[in-house]
Asker: 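Right, I'll just put the structure down here and ask away after.
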2 protein chains.
Amino acid sequence: MAKHDPDLSLLFHALSDPTRRAILTRLAGGPAAVTDLAAPTGLRLPTVMRHLAVLEEAGLIASAKEGRVRSCAIVPEALAPVHGWLDDQRALWEGRLDRLDDYVMRLMKETGHDD
Amino acid sequence: MAKHDPDLSLLFHALSDPTRRAILTRLAGGPAAVTDLAAPTGLRLPTVMRHLAVLEEAGLIASAKEGRVRSCAIVPEALAPVHGWLDDQRALWEGRLDRLDDYVMRLMKETGHDD
DNA sequence: TGATTACTTAGCCATATGGCTAAGCATGAT
DNA sequence: ATCATGCTTAGCCATATGGCTAAGTAATCA
C-alpha cells in the first residue's frame, strides 16, 4: 500500500499543517505577495516559501511573478478530490452504522470498556 | 503559527497516508482484528500497529482487546471537524471566485502564464 | 550608478515518519 | 505443561519535515 492516490496524499499532507491552513484562509480573502503572507506567521521568508511550495505542489495555490513580487492565489477546484474522498467515506461509514453500533454494544458488555 | 487546531492537524496528517486511508476504507466494511488489517497491506505487524496508533490518536478509530485479539472499528463522528473546516473554506473560496477570476485574467494578460 | 526590496538558493540542524527485525508477553489450543 | 497465535515493545535505519542563517539574484528607486 504505497502508490494509489498521490493527489489525496499530497492534499491531506498539505492541509495537515496549521501554518499552511492559515495561509489558505488568508488567501481566501484574495491574492497576496509572499512577504505579506509571511508577516502574520512570524516565520522567516525561506520557511514560508517552502510552505507555499508544498501548497503549490498539492495544487491548492498558484503563483505568478510580477516584477520582483510573487503573488499567490488559491485554486478552488483543488479541494474537489478531498471532498470526494470524504463524501465517499461518509457514505460508507454511515451505511455501516447499525452494524458498528451492535459491535460497540457487544464490546461494552463483554469488556466493560476499551483496552 | 504552530498551536491552533491540533485536532485538524492530527486528522489531516492521519489521512495523508495511503495505507491509513486503505485501513479506514476496510474498516468501513466492519470491525477487524489487527492481523486482518495488516494482511492486505503487505507490511509487518509493528508497522501496521503504528499506523493504527496514528489513526486512534486522531480519533478516527477505536479499538478494544478481546482475549488476545484487538478489534478495531471506525469512529464516524471523527470526520466532523474535517468536514467543518472544508465547508468553511469552500464557502470562503467560492465567495471570492469573482475576484479571483478577475485576478487570474489580469495575470494571464500581463505575464502570459505562471512563473 | 548604487542602494533597497523581494525573493531565491544552499545548506545546516533537530525531530518526526515509515519501514524493519528481534524479543517479549499474554491467551487459546493440544 | 507446552506450543502456537496475536499482539506488543524496543530499538535501528533512512528519509522527510519544519525551522533557521547566510549568501545570492533580479527589479525598483534615488
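Every chain is numbered from 1 and lettered A, B, ... according to where its sequence line falls, protein lines coming before strand lines.
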Asker: In this structure, how many angstroms lie between the C1' atom of C:dG18 and the CG atom of B:Leu55, rounded?
Answerer: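 Distance check: B:Leu55 CG to C:dG18 C1' gives 14 Å.
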Asker: I'd like a table of donor-acceptor pairs (distance under 3.5 Å, sequence neighbours excluded) in which one partner is a side-chain atom from residues 42-49 of chain B, with atom names and distances.
Answerer:
none

Asker: Verify the contact: side-chain N or O of A:His13 to OP1 or OP2 of D:dT17, cut-off strictly under 4.0 Å; return yes or no.
Answerer: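 Affirmative; the distance criterion is met.
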Asker: If a protein heavy atom is under 4.0 Å from the base, mark B; if only from the sugar-phosphate, S; if neither, -; do that for nucleotides 20-26 of chain C going 5' to 3'.
Answerer: BBB----
Asker: Please give, in whole Å, the distance from D:dT5 C1' to B:Asp36 CG?
Answerer: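 B:Asp36 atom CG is separated from D:dT5 atom C1' by 13 Å.
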Asker: Nearest whole angstrom, please: distance from the P of D:dA27 to the CD of A:Glu66.
Answerer: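 So the CD-P distance, A:Glu66 to D:dA27, works out to 13 Å.
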Asker: Check the hydrophobic clustering (I, L, V, M, F, W, Y; side-chain heavy atoms under 4.5 Å; chains of links allowed) and say if B:Leu37 and B:Val54 are grouped together.
Answerer: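 No, it is not one cluster - the side chains of B:Leu37 and B:Val54 are not joined through contacts under 4.5 Å.
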Asker: Atom CD of A:Glu57 to atom C1' of D:dT17: distance rounded to whole Å?
Answerer: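 After rounding, the reported distance stands at 13 Å.
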Asker: Give me the one residue out of B:Leu15, B:Ile23, B:Val75 that meets side chain to side chain contact (heavy atoms under 4.5 Å, CB included) with B:Leu60.
Answerer: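 Only match with B:Leu60 under side chain to side chain contact (heavy atoms under 4.5 Å, CB included): B:Leu15.
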Asker: Would you mind reading off the distance between A:Leu10 atom CG and D:dA16 atom P, rounded to a whole angstrom?
Answerer: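 It is 13 Å, rounded to the nearest whole Å.
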Asker: I want to verify a distance call: between C:dG18, C:dT8, D:dG19, whose nearest atom is closest to the A:Lys65 side chain?
Answerer: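 Within the option list, the nearest is C:dT8.
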Asker: Is the shortest heavy-atom distance from the side chain of B:Leu92 to the side chain of B:Gln89 under 4.5 Å?
Answerer: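 Sidechains of B:Gln89 and B:Leu92: in contact.
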Asker: Roughly, in whole Å, what's the span from CZ in B:Arg70 to C1' in D:dT5?
Answerer: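 That distance rounds to 16 Å.
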Asker: Among pairs that include at least one residue of residues 8-32 of chain B, which meet ring pair (Phe, Tyr, Trp, His ring centres under 6.0 Å), considering only residues two or more places apart or in two chains?
Answerer: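 Sorted result for residues 8-32 of chain B: B:Phe12-B:Trp85.
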Asker: Kindly give the heavy-atom pair with the smallest separation between B:Arg70 and B:Ser63, and that separation in Å.
Answerer: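 Answer, listing the atom of B:Arg70 first, then B:Ser63: NH1-OG, 2.8 Å.
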Asker: Taking side chain as C-beta onward, heavy atoms only, is B:Ser9 less than 4.5 Å from A:Pro18?
Answerer: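 Of all side-chain heavy-atom pairs linking A:Pro18 with B:Ser9, at least one is under 4.5 Å.
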Asker: Rounding to an integer number of Å, can you tell me how far B:His51 NE2 sits from D:dT8 C1'?
Answerer: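 It is 17 Å, rounded to the nearest whole Å.
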Asker: Starting at atom CE of A:Met49, determine the distance to atom P of C:dT8, rounded to an integer number of angstrom.
Answerer: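 It is 4 Å, rounded to the nearest whole Å.
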Asker: Of the nucleotides C:dA6, D:dT8, D:dG6, which has the atom closest to the B:Val69 side chain?
Answerer: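 Ranking C:dA6, D:dT8, D:dG6 by closest atom to the B:Val69 side chain puts D:dG6 first.
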